[in-house]
Amino acid sequence: MTVDVKKDEEVKDEEKTDVKEEVVERQRVLFTADAEGSWPKLFNQVSAMQKKVGNFDVLLAVGSFLPVMGTPGAAAAGATLAEYVKGQKKAPIDTYFIDSTSGAFLQASPNGKQICERVHFLGGFGVKEIGSLRVAYLSGRYDREIYSASKADAAGAAFVGAAYTPQAVEGLIRLAREQGGPIDVLLTSEWPKGLEAKMDDADAPRDPDGVPIPWEDISSQPIADLVLALEPRYHIFGSGDLFYQRPPFQTLRGGHVCRCIGLGRVGSKGKDRRWLHGLELCPAKTMPQAVLMQRPENTSPCPFAARVPSAVAGVGGGGVKRELEAEEDKKMDQKGELIPDQVFLGKLPRNITEERLAKAFRACGKIERIHLAREEKEEGKPCKGFGWITFSSPEEAEAACDLSEMLEVNGKKIVVSIARAKAGKEGGPGKKRKIEIKVEPHSDCWFCLVNPKVEKHMIVTASTEVYVATTRGPITPSHVMVLPVKHAPCFPACPAELKAAIQSHMEAIRKMCQAAGQECIIWERWIPMGLSAANHMQIQVLPIDQTSAHRAREVLQTTVREVLPKGKLRRIQAFSDVADAINDNTETPYIYFEIPGDNSAKGRGVERYVYPQVEEASKIPLNFGRQVACNLLGLEDKVDWRACSDDRETEKDLAATFRQQYLTFAPGKKPKKK
């Protein structure tokens, strides 16, 4: 059996850069999985490896390390294990293991135990310094019924037999947070569920025998949540009898990459079932920040991004207990109109710094400015308990809001919300900020072409009145937007000639879809913002297949009932009828849809609907249109645009591909002669 000893990828990246800080304390680590009591085979291979490539510092084992009772060979394996316990045989390396099947052993030694010389059981769950590496571990296996039944008992046991419960998973997250610092390695027996998402099909795991991978048997959602919460640099797991290295993905909060490695069962044959893997690792605590944040070219988005709301996260660190209450936070930000690209932070500790906040929120997007309210007259100028972060776009600010009450310091959850403009002098009632509606191009608007930051590589076509562009984080490759060149806020506020130009492009894209045997769903969301720069209309157009087209009405109505229960979805005859639905008041939020209608002799019709946010109607979520589209296509994991964002070259290619298809249909373009 051949084993490659790979150097820590961040260390290799550092050697290619100009970073001069020295990385120290490299650890040579071997990993194995599912020994199932075959210690002689494992340790003989380790000894051979060490003679060939030099000694390793430690062996870390996942899966079933002890004999599995009731299986063929278990009795013989138990007898061999006894020889190690009695000292008749010795391990050639310091070995630390978790175990997934021995419930009796796990119940007897929840805090770990030395089995024999150089062989140690880590325990049920915990975080341990092994050499200079910080290793988190979870023994046991996932049992759906036991896990679900244990959720209601917060004081229940961490393990029922060999099955871990929510108390074990949450206990490990809490322990890692209390200790602080990055996790170098996470050891679990199972694969994280959803690991195969957000990457090219060519990189997906495959069984070498060509049979389907039994995901329900070898993966679990709690392990995926654990990876999302702990953000380890390496996650090692077994149970699948497959050797697999996933392309690295960027963690959402830390910003570094995580590498997931699955291992085969001890004794399996073939490189695709390799069960011994060597790495040279540097502890994150000794690595320069520039090296730690290196991202290889094949880095993918986080496959678990859709699980962010349910995962437990933390800013980390200590700090003085905050004395200000939540009501004081609200007083500072409860009046005035929304500032779409800025978030308000409440319940901050007095010793919080801009640097810590930047690190916690950098995965949300580009941070333009961080401002903390400080006690200027006190020594050290401590934070008053609140502050603001300005991002480069409203979408990034909305992403930061998803972390509200997920980031913790000293057990206090930080509140994150879209900021509001200052409403007036301190102590006064303040004057309501009027919505600014300006149609001239705005140099600070993310969608105005005069803005030097506008993503021009995503533009499909442009005229003096309208342009078409691909979207950031598209639901499908053909997902585009129709936008006015002028800074028009919403369709009812547009002059007649601009409305006509916009609709001509909407109709042209629909004809392009129909020519390809498709239909399309169109939506416009209008939520007025206090700053004029944020009020630029966007009409989203998404081609869909015919199979989805006949379900569009049902999915739209169902999603409205579930998400917007207090309002009414109104069917209208034309886009221009939106003005009547909002009583000609362009300060009224709304969302408008065009969906495929019923088939007739003249072809499939178009149905138009509007949901006006009037009186006591439910507030429209920023991503509601996208949620409807994703529900329709069965792509619920793409509701968050950040989970499917592409690199610049891919975005450029998508625009070029759509341009080639669309220009034949675009208004003013004549069909090419054959």
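The residues of the chain are indexed from 1 along the displayed sequence.
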Enquirer: Should the ring pair W388 and H371 be called parallel, tilted or perpendicular, given that the plane angle runs from 0 to 90° and is split at 30 and 60?
Expert: parallel
Enquirer: Please step through side-chain contact (heavy atoms from CB on, under 4.5 Å) for the pair I582 and V614, ending with a clear verdict.
Expert: CA-CA 7 Å; I582 61 174; V614 295; 5.5 Å; no
Enquirer: Salt bridge (Lys or Arg N to Asp or Glu O under 4.0 Å), that's the test. Do R206 and D201 meet it? Break it down for me.
Expert: CA-CA 10 Å; R206 289 176 174 80; D201 185 62; 3.0 Å; yes
Enquirer: Got more than 12 heavy atoms from elsewhere within 6.0 Å of CD, E497?
Expert: yes
Enquirer: Take T657 and Q661 through the side chain to side chain donor-acceptor pair (under 3.5 Å) test and state the conclusion after the steps.
Expert: CA-CA 7 Å; T657 300; Q661 299 169 344; over 6 Å; no
Enquirer: Between R551 and S548, is there a side-chain donor-acceptor contact under 3.5 Å, judged purely by atom types and distance?
Expert: no
Enquirer: So do the side chains of Q613 and K619 get within less than 4.5 Å of each other, counting heavy atoms only?
Expert: yes
Enquirer: Where is the tightest heavy-atom contact between I620 and P589, given as atom of each residue plus distance?
Expert: CD1-C, 4.2 Å
Enquirer: Closest heavy-atom contact between G194 and P303?
Expert: O-CB, 3.5 Å
Enquirer: With distance as the sole test, does E396 use its side chain to make a donor-acceptor pair with the main-chain N or O of S393 at under 3.5 Å?
Expert: yes
Enquirer: Taking side chain as C-beta onward, heavy atoms only, is F391 less than 4.5 Å from F361?
Expert: yes
Enquirer: Using side chain to side chain donor-acceptor pair (under 3.5 Å), reason through H457 and E651 one step at a time and then give a plain yes or no.
Expert: CA-CA 7 Å; H457 68 285; E651 291 173 341; 2.8 Å; yes
Enquirer: Hey, could you give me the SG/CD1 distance between C490 and I527, rounded to the nearest 0.5 Å?
Expert: 12.0 Å
Enquirer: Could you tell me if E368 and T390 have a donor-acceptor pair between their side chains, going purely by distance under 3.5 Å?
Expert: no
Enquirer: Can you check whether V610 reaches I591 side chain to side chain, under 4.5 Å on heavy atoms?
Expert: no
Enquirer: Is D341 salt-bridged to R369, going by a charged N under 4.0 Å from an acidic O?
Expert: no
Enquirer: Any side-chain donor-acceptor pair under 3.5 Å between R246 and S300?
Expert: yes
Enquirer: Determine whether C644 and I475 satisfy the following criterion, side-chain contact (heavy atoms from CB on, under 4.5 Å), listing intermediate values before the conclusion.
Expert: CA-CA 7 Å; C644 41; I475 296 175; 6.0 Å; no
Enquirer: Out of curiosity, L483 CG to H505 NE2, how far, rounded to the nearest 0.5 Å?
Expert: 11.0 Å
Enquirer: Are any of the side-chain heavy atoms of P474 and K638 separated by less than 4.5 Å?
Expert: no
Enquirer: I'd like to know whether the aromatic ring centres of F491 and F575 sit less than 6.0 Å apart in this structure.
Expert: yes
Enquirer: For P232, does its backbone N or O pair with a side-chain atom of R259 as donor and acceptor, under 3.5 Å?
Expert: no
Enquirer: Could you tell me which non-hydrogen atom of I544 sits nearest to which non-hydrogen atom of A549, and how far apart they are?
Expert: CD1-CA, 3.9 Å
Enquirer: Let's go through T476 and L633 carefully: what are the C-alpha distance in whole Å and the side-chain angles of both, what is the deciding distance for side-chain contact (heavy atoms from CB on, under 4.5 Å) to 0.1 Å, and is it a yes or a no?
Expert: CA-CA 10 Å; T476 67; L633 298 180; 4.1 Å; yes
Enquirer: Out of curiosity, W526 CH2 to E587 CD, how far, rounded to the nearest 0.5 Å?
Expert: 8.5 Å
Enquirer: I want to know whether F249 and F304 have ring centres closer than 6.0 Å.
Expert: yes
Enquirer: Taking P596's backbone N and O only, do any of them form a donor-acceptor pair with R604's side chain (distance below 3.5 Å, no angle check)?
Expert: no
Enquirer: Which value, rounded to the nearest 0.5 Å, describes the distance between I352 atom CD1 and I414 atom CD1?
Expert: 5.5 Å
Enquirer: Can you tell me how far the SG atom of C520 sits from the CD1 atom of I595, to the nearest 0.5 Å?
Expert: 11.0 Å
Enquirer: With sequence neighbours left out, what residues match R648 under salt bridge (Lys or Arg N to Asp or Glu O under 4.0 Å)?
Expert: E455
Enquirer: Which atom pair, heavy atoms only, marks the closest approach of P296 to T299?
Expert: O-OG1, 2.7 Å
Enquirer: Are the side chain of S463 and the backbone N or O of E465 linked by a donor-acceptor pair below 3.5 Å?
Expert: yes
Enquirer: Are L556 and Y609 side-chain neighbours, meaning at least one heavy-atom pair lies under 4.5 Å?
Expert: yes
Enquirer: Considering only NZ, NE, NH1 and NH2 on the basic side and carboxylate oxygens on the acidic side, decide whether R510 and E507 come within less than 4.0 Å.
Expert: yes
Enquirer: Just one of R626, H479, R525 clears the side chain to side chain donor-acceptor pair (under 3.5 Å) bar with Q540, so which one?
Expert: H479
Enquirer: Quick check: does any side chain N or O of R472 sit under 3.5 Å from a backbone N or O of S645, one acting as donor and the other as acceptor?
Expert: no
Enquirer: Between V563 and Q627, is any pair of side-chain heavy atoms under 4.5 Å apart?
Expert: yes
Enquirer: Distance-only, no hydrogens or angles: does the T470 side chain make a donor-acceptor pair with backbone N or O of M458 under 3.5 Å?
Expert: yes
Enquirer: CG/L292 to NE2/H256 distance, rounded to the nearest 0.5 angstrom?
Expert: 6.5 Å
Enquirer: Without hydrogens or angle criteria, can the side chains of Y592 and E594 be said to hold a donor-acceptor pair below 3.5 Å?
Expert: yes
Enquirer: Considering only NZ, NE, NH1 and NH2 on the basic side and carboxylate oxygens on the acidic side, decide whether R553 and D598 come within less than 4.0 Å.
Expert: yes
Enquirer: With side chains defined as the heavy atoms from C-beta onward, is the minimum distance between E524 and F593 less than 4.5 Å?
Expert: no
Enquirer: Does either side chain, that of T558 or that of E554, offer a donor lying less than 3.5 Å from an acceptor on the other one?
Expert: no
Enquirer: Check whether any side-chain heavy atom of D545 sits under 4.5 Å from a side-chain heavy atom of E519, and report yes or no.
Expert: no
Enquirer: Donor-acceptor pair, distance only, cut-off 3.5 Å: does the side chain of Q221 make one with the backbone of K193?
Expert: no
Enquirer: Run S478 and L542 through side-chain contact (heavy atoms from CB on, under 4.5 Å) and show every step you take.
Expert: CA-CA 7 Å; S478 298; L542 181 68; over 6 Å; no
Enquirer: Will you find, in the side chains of D653 and T650, an N or O donor that is under 3.5 Å from an N or O acceptor?
Expert: no
Enquirer: Heavy atoms only: give me the nearest S504-A501 pair and the separation to one decimal.
Expert: OG-O, 2.6 Å
Enquirer: Using only atom types and a distance under 3.5 Å, with no angle test, would you say the side chain of D203 pairs donor to acceptor with the backbone of M199?
Expert: no
Enquirer: Run the salt-bridge test on R571 and E607 with the 4.0 Å N-O cut-off and return the result as yes or no.
Expert: yes
Enquirer: Minimum heavy-atom separation for T547 to H550, with atom names?
Expert: O-ND1, 2.6 Å
Enquirer: For atom NZ of K499, is the number of surrounding heavy atoms from other residues, nucleotides or ligands below 6.0 Å larger than 12?
Expert: yes
